[in-house]
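In what follows, a single structure is set out as structure tokens and then discussed.
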Amino acid sequence: MRAYLQVVSTGTADCPPSVILHFDQKRYMINCGEGIQRLCTENKVRLAKLQTLMFTRTHWDCTGGLPGMILLMCDLRVRHITLLGPQNLTHTLVASRHFLYRNTTHLETIEFGGDIADEGPMYDVDGDHPSKGTRNHFQDEHLRITAVIVQSVATAYIPPVTSEDRRNSRIRQQQLGAMFTLRTLPPASWASNPERPEHPYKHKHSHNHHQSPCVSPEQQAQASQRALEGLENMLQGGHPDLPPAQPNNVAISYICQTPDYQGKFDRATALALGVTPGPLFRELLSGNPVASKTGELVYPEQVITGARPGRVFIVVDCPSVLYIAHLVNKPEFEKYDRRSHPQTLDKVDCIVHMAGQEVMTNEQYRAWMSRFGEETQHLVAHSDYCGQGLVFPSQALCSLKLSKLSNKIFPVPYYDNTPAHVLPTPKAWEAQWEPKSVQPAENGIMFMLEPTVGLDRCEVVEPTELPKDFTELQKYNSVFLQDYSERADKVLRDIAQDPEMEQAFPGKDVMLTALGTGSSKPSKYRNVSATLLDIPGRGSILLDVGEGNYGQMFRHFGGTRRSPEQKDSVDDRLRQLRGIFISHLHADHHLGIVTIIDRWTQLCIQGEIHGGKCLYLIAPAKFHVFLTEVAQTNPGHYGYQYVRFIDSSDLIHGLTPSPSSPSSSQSQANLATFQQLMGFSAISTVVMVHCYNAFGICLTHVDGWKLVYSGDSRPSQDLVRAGQGATVLLHEATFEDDMVDEAIKKRHSTTREAIEVGEEMHARAVLLTHFSQRYPNIPRFEQKEDRKIEIGICFDLMSVRFGEIRRLQKFLPALEALYTPGSEEESEEDAEVEDIE
């Protein structure tokens, strides 16, 4: 058996710290924050065998990537998913019920640290028998896990569990059972009357995923589709709110041990001791003594050599110094204390510390580290010690190549490979028991557990140092980039000679920044949907905000503010953020919003946003329910109390909202304040042809410009009517023009259809976005000379003023050279899609 622990992320603005434990047939992940799925794609970390995820906290930094990861695991046909973590883990997951559900997977949650978690047995991976241990232990065929529950010294009194708490726990589990149902062939009645299926662990045949021989693949697909539609209708209908949850400050550290090594059976010794070959050999291998031919007992240790306990590793999450006093005194660590018990055979091979500079320099914490002895390897996974290096170098190189056309429209992402702090030298630790092996973690670094023990750097992702500009890049790849460079030079000459390039019109200085331009799931080159609209003198609005887009803002706007002389920063851009629009509840359009609100709130708390400012959120009503329920599990509610909600259905173009509805009245009041703040003369939504409660939006400004955003949709005549005379139409173009049938099936648009919507709308310009991750990085479309509308293609981390969109159209010949079929960019994209599948 081969087993090893691997650091997936050391902790950057893009991805919080995360590690994966690899066995031959199974994977375990500890923490799954935003961006982890994309990082695994970038570094080719295969996830097909991932079945169990463990969480140290329910804070969004630890769980923000969970919904997207579950959807990916379902796509990879993982049939059984187990989640381990603190109390509120189930609540956090079930809050996603409005958009997270599958009828092909069974999912169970096991919460540590409370009586509620002890109501029933915890099943192992096969579900055949309860795992051994208490409520804070879990065991399956690969791991024995002890969850060490650590509280902050600032934690208020936690009341005992009541009968109401138990009832609420059962309600959440019932909701979870409705979200994830595993059926080989759902009955036709499922769509009209869905019922919670029996627990699949009750029947061993539930593990058989083969189709019934009397059912055709077409019938199987149709029945599954009916089941999924029925489940979707049920969850999107009058679904009751979850029982309220109380936030906690618990942080779990995990002590994990691999199976004991049974050693090698010495056949010759067994024969010499008079043991008859056959069943008696098996008894000895099972750990039982047997009688020899002479009647004497022969014990396993006489014939088995090299037996030893399994390897032990620990993942410690210590968010601040407030947790140290409780952590270092936990009795679960006592058996591994080599100072108090020098002769103990129990040892820890590796400890991963998810802890920052204030913790790692704390004397009490350092003394606790030294107790494990000098043989233990310590890895520190935190941005304080690991820097803010590029974790998505493919995207960065793409931006560098595009910067040849304009380094203002296509700036190179910010990065800094130098960590803010350096770990203390060995001399700074206590001399006698200093941990001799303490080092910062690296993305991809492995600690081998079986069959040997020790660090392995063969998959380490070395820090990326980009060439300083395109000219230097071309030296390394002159053949491939030659044609692109020549076309780019010609394009730039044409632009310089175009008298219409600098036309003045209303809104020409409004800036649109494409943060994520891909669909469905993140890829190496394109993150999921997000666009920032910056209105000079007014502030900015986010149009959708998919997972990981705080990291995109961090890279695009120069990181956090480090000095007064710094020209721009993500902090400055967050201070200017006034509103967010969420088009619909598909996960790729909104899972980044919690981090955005949380970081925005941190600026509020620091007093950097003055005057009682708040954020305005326009979204479907169910999204408000989701954010409210997630806020209940996060200490400080991640700042959602500063958000003013506006229901998209109260703004539908051509409809008058009901004056008798309290929620509608509140939406209208919030809308009036937001419009005045931003200078909009009108804001209206349009019901789009995509999914339940999908909306587009029209923003009309007093300065005479209008922006229309489609969200995801088939071409819509309602949007055409509402957006007449738009300055810019930002429209999805998910599929190539030869994939109309696929577009109709998935309720998306093709490139040609998106352009035609803009033409019917008499828009000045169309920007295309939301491209399928399965197809080339730029869409192909016919360029007509008599076409009056300007057309631009969005790329991640591109900033363009409305007055510069004409330049984007001029860039097309050069872009076609850069993304020629068979080119480096296209071949890398194709390889990536194949790897994901």
Side-chain angles (χ1 to χ4, degrees), residues 236-237 506-507 510 531 533 535 541-544 579-586 589 616-624 644-732 744 747-749 753-767 770 789:
Q236 291 174 343
V510 175
T531 305
L533 184 71
I535 306 170
I541 305 170
L542 273 167
L543 304 174
D544 282 332
I580 301 173
F581 169 71
I582 300 299
S583 61
H584 62 291
L585 266 62
H586 283 169
H589 286 257
Y616 293 86
L617 172 61
I618 303 173
K622 293 294 184 184
F623 194 59
H624 174 58
R644 303 295 176 261
F645 186 76
I646 303 170
D647 188 344
S648 297
S649 62
D650 290 330
L651 312 183
I652 296 175
H653 179 75
L655 296 182
T656 302
S658 172
S660 61
S661 169
S663 61
S664 178
S665 299
Q666 186 61 58
S667 286
Q668 293 301 315
N670 290 339
L671 176 66
T673 305
F674 182 53
Q675 285 190 185
Q676 183 178 10
L677 176 69
M678 300 302 294
F680 290 123
S681 58
I683 298 177
S684 62
T685 58
V686 177
V687 178
M688 305 302 289
V689 186
H690 182 59
C691 67
Y692 176 79
N693 266 355
F695 295 91
I697 192 168
C698 301
L699 304 171
T700 306
H701 202 268
V702 294
D703 290 343
W705 57 268
K706 178 192 283 190
L707 177 113
V708 179
Y709 173 49
S710 70
D712 286 5
S713 182
R714 293 290 298 143
S716 166
Q717 286 302 307
D718 288 341
L719 189 70
V720 170
R721 286 188 286 271
Q724 278 298 309
T727 309
V728 174
L729 167 64
L730 179 64
H731 203 287
E732 69 120 290
I744 293 172
R747 296 181 180 180
H748 284 295
S749 299
E753 289 172 332
I755 295 171
E756 288 173 350
V757 169
E759 291 175 330
E760 292 181 51
M761 191 182 289
H762 301 292
R764 180 186 182 93
V766 175
L767 287 177
H770 196 267
I789 195 169

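Atom set for the values below is all heavy atoms of this structure, side chains included, hydrogens, waters and symmetry mates excluded.
Not counting sequence neighbours, the partners of Ile744 by the side chain to side chain contact (heavy atoms under 4.5 Å, CB included) test are Arg714, Val740. Listed by chain and number, the residues in a side-chain hydrogen bond (donor to acceptor under 3.5 Å, both in side chains) with His653 amount to none (sequence neighbours excluded). Annotation: side-chain hydrogen bond (donor to acceptor under 3.5 Å, both in side chains) contacts of Ser583 (sequence neighbours excluded): Asp544. Listed by chain and number, the residues in a side chain to side chain contact (heavy atoms under 4.5 Å, CB included) with Ala754 are His731, Ala733, Leu768 (sequence neighbours excluded). For the ring pair (Phe, Tyr, Trp, His ring centres under 6.0 Å) test, residues two or more places apart in sequence or in another chain that qualify with Phe623 are His590, Phe626. In this structure Asn693 satisfies the side-chain hydrogen bond (donor to acceptor under 3.5 Å, both in side chains) test with no other residue, sequence neighbours excluded. Applying the side chain to side chain contact (heavy atoms under 4.5 Å, CB included) test to Thr531 and every residue at least two apart in sequence or in another chain returns Leu512, Leu543, Leu730. Partners of His748 under the side-chain hydrogen bond (donor to acceptor under 3.5 Å, both in side chains) rule, at least two apart in sequence or in another chain, are Glu732, Thr734.
A distance of 10.0 Å separates OG in Ser649 from CG in Leu655, rounded to the nearest 0.5 Å. A distance of 10.0 Å separates CG of Leu699 from NZ of Lys706, quoted to the nearest 0.5 Å. Distance check: Ile541 CD1 to Ile580 CD1 gives 10.5 Å after rounding to the nearest 0.5 Å. Taken to the nearest 0.5 Å, the CG atom of Asp712 stands 12.5 Å off from the CZ atom of Arg747. Put simply, CD1 on Ile582 and CD1 on Ile697 are 10.5 Å apart, with the number rounded to the nearest 0.5 Å. The CZ atom of Phe581 lies 10.0 Å from the CG atom of Leu617; values are rounded to the nearest 0.5 Å.
Residues Ser648 and Pro620 approach most closely at OG-N, 3.6 Å, considering heavy atoms. The two residues Asn670 and Phe645 make their nearest non-hydrogen contact at ND2-O, 2.9 Å. Looking at every heavy atom in both residues, Met688 comes nearest to Ser716 through CE-CB, 3.8 Å.
Looking at Phe695 and Val687, their side chains come closer than 4.5 Å, going by heavy atoms from C-beta outward. A heavy-atom distance below 4.5 Å is not found between the side chains of Asp703 and Ile535. The shortest side-chain heavy-atom distance between Gln668 and Leu651 falls under the 4.5 Å cut-off. Counting only heavy atoms from C-beta outward, the side chains of Val708 and Val686 never approach each other to under 4.5 Å.
In this structure, Ser749 contributes its side chain and Ser713 its backbone to a donor-acceptor pair below 3.5 Å. At distances below 3.5 Å, at least one donor-acceptor pair connects side-chain atoms of Ser667 with backbone N or O atoms of Asp647. Thr685 places a side-chain N or O within 3.5 Å of a backbone atom of Ile652 that can act as its donor or acceptor partner.
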Side chains of residues 757-767: which donor-acceptor pairs under 3.5 Å do they make with residues two or more places apart or in other chains?
unit_1 : atom_1 : unit_2 : atom_2 : d
Glu759 : OE2    : Arg787 : NE     : 3.1
Glu760 : OE1    : Gln717 : NE2    : 3.0
Arg764 : NH2    : Gln503 : OE1    : 3.1

Give the table of side-chain donor-acceptor pairs shorter than 3.5 Å for residues 671-682, with sequence neighbours excluded, one pair per line with atom names and distance.
unit_1 : atom_1 : unit_2 : atom_2 : d
Thr673 : OG1    : Ala669 : O      : 3.2
Gln675 : OE1    : Ile683 : N      : 3.3
Ser681 : OG     : Thr700 : O      : 3.3

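Within the structure, salt bridge (charged side-chain N to carboxylate O under 4.0 Å, His left out) contacts touching residues 716-730 (residues at least two apart or in different chains) are Asp718-Arg721. Sorted by first and then second residue, the salt bridge (charged side-chain N to carboxylate O under 4.0 Å, His left out) pairs with a member in residues 680-697 form an empty list; sequence neighbours excluded.
Between His586 and His584, the ring planes lie perpendicular to each other; the angle is over 60°, past the 30° to 60° tilted range.
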In sequence, state the C-alpha distance, the side-chain angles, and the governing distance for Val510 and Thr727, and then conclude on side chain to side chain contact (heavy atoms under 4.5 Å, CB included). CA-CA 11 Å; Val510 175; Thr727 309; over 6 Å; no
